[in-house]
Amino acid sequence: MNSLTHFNAQGQAHMVDVGAKADTHRVARTEGRIRMQAATLALVAQGGHKKGDVLGIARIAAIMAAKKASELIPLCHPLPLTRVDVSFELEADGVRCEVVAETVGKTGVEMEALTAVNVALLTIYDMCKAVDRGMVIDGIRLLEKRGGKSGDWRADGNG
């Protein structure tokens with residue numbers, strides 16, 4: 001197993017030095033779900049929520065969150081994102097969110113994509129909590145990463 005890179009030889013937290021790494025195209029794909037009552041899902045699907053277009057607002061929140069990941073996660077490097085794509089899929093018991101983040105840089109974009117999917121789902125929760133406080137956010141995970149020294153990785157083991 002590899003060592004934890006955010007600790008130095010003395011065991012103190014530090015920001016990993018990526019200065020000598022080459023800039024490469026990097027991609028991360030993440031997902032998460034929010035489960036809710038059928039009536040709540042119907043409001044989201046119909047766009048009939050009194051607060052407006054729930055998924056449209058959650059999409060913007062996710063993009064904003066990806067851009068702020070390094071401000072929220074103490075040892076995360078700020079990255080020049082080249083693309084953030086947010087999609088939603090209505091499921092039988094809720095909404096699935098998928099985020100693809102891309103950059104050309106010295107370190108990966110997993111944290112940006114994971115932050116984005118979390119904030120998208122939290123935004124849906126915030127907008128719908130008045131009608132359904134029992135919503136559950138789960139299944140947040142990295143699906144795929146491409147680029148960089150460690151190469152490609154996929155959650156299904158085909159990386």
Original post:
With hydrophobic residues grouped by side-chain heavy-atom distances under 4.5 Å, do Val109 and Ile140 end up in a single group?
Top reply: yes
**OP:** Please check if any side-chain donor atom of Ser150 sits under 3.5 Å from a side-chain acceptor atom of Lys145, or the reverse.
**Re:** yes
Original post:
What closest approach, in Å, do Ala65 and Ala116 show between heavy atoms, and which atom pair accounts for it?
Top reply: CB-CA, 4.1 Å
**OP:** Give a yes or no on whether a salt bridge exists between Arg141 and Glu31, defined as a side-chain N under 4.0 angstrom from a carboxylate O.
**Re:** yes
Original post:
Are side-chain heavy atoms of Val131 and Met36 found at a separation under 4.5 Å?
Top reply: no
**OP:** Look at the side chain of Tyr125 and the backbone N and O of Ile34, then say whether any donor-acceptor pair between them is shorter than 3.5 Å.
**Re:** no
Subject >> Over all atoms of both residues, closest heavy-atom pair of Leu142 and Ala155 >> reply: O-CB, 3.7 Å
Subject >> Flag, side chain of Arg26 to backbone of Gly105, donor-acceptor distance under 3.5 Å >> reply: yes
**OP:** Grab the two heavy atoms, one from Gly94 and one from Leu41, that are nearest each other, plus how far apart they are.
**Re:** O-CD1, 3.6 Å
**OP:** Taking all non-hydrogen atoms of both residues into account, name the closest pair between Val84 and Ala66 and its distance.
**Re:** CG2-CB, 3.9 Å
Original post:
Are Phe88 and Val100 in one and the same hydrophobic cluster, where Ile, Leu, Val, Met, Phe, Trp and Tyr link if side-chain heavy atoms are under 4.5 Å apart?
Top reply: no
Original post:
So, are Arg146 and Asp152 salt-bridged, with charged N and O less than 4.0 Å apart?
Top reply: no
Subject >> N/O donor-acceptor pair under 3.5 Å between Thr103 side chain and Pro80 backbone >> reply: yes
**OP:** Identify whether Ile137 and Ile57 are in the same connected component of the hydrophobic contact network (ILVMFWY, side-chain heavy atoms under 4.5 Å).
**Re:** yes
Original post:
About how many Å separate CG of Leu122 and CE of Met127, when rounded to the nearest 0.5 Å?
Top reply: 13.5 Å
Original post:
Is the side chain of Asn118 donor-acceptor paired with the backbone N or O of Leu114 at a distance under 3.5 Å, no angle test?
Top reply: yes
**OP:** Verify the cluster assignment for Ile63 and Val27: are they in a single hydrophobic cluster under the rule of side-chain heavy atoms below 4.5 Å apart?
**Re:** no
Original post:
Looking at Ala61 and Val119, what are the two nearest heavy atoms and their distance?
Top reply: O-CG1, 3.7 Å
Subject >> Asp132 side chain vs Gln37 backbone, donor-acceptor pair below 3.5 Å >> reply: yes
Subject >> Joint hydrophobic cluster, Leu121 plus Leu143, side-chain heavy atoms closer than 4.5 Å >> reply: no
Original post:
So do the side chains of Arg33 and Cys97 get within less than 4.5 Å of each other, counting heavy atoms only?
Top reply: no
Subject >> Under the side chain to side chain donor-acceptor pair (under 3.5 Å) test, residues paired with Ser70 that sit two or more places apart >> reply: none
**OP:** Evaluate the side-chain proximity of Val99 to Asp85: yes if any heavy-atom separation is below 4.5 Å, no if none is.
**Re:** no
**OP:** May I ask you to decide whether Asp126 forms a salt bridge with Lys129, counting only side-chain N to carboxylate O separations under 4.0 Å?
**Re:** yes
Original post:
Between Asp93 and Arg35, is there a side-chain N and carboxylate O pair less than 4.0 Å apart?
Top reply: yes
Subject >> For the student: nearest non-hydrogen atoms of Ala113 and Thr30, plus distance >> reply: O-OG1, 3.0 Å
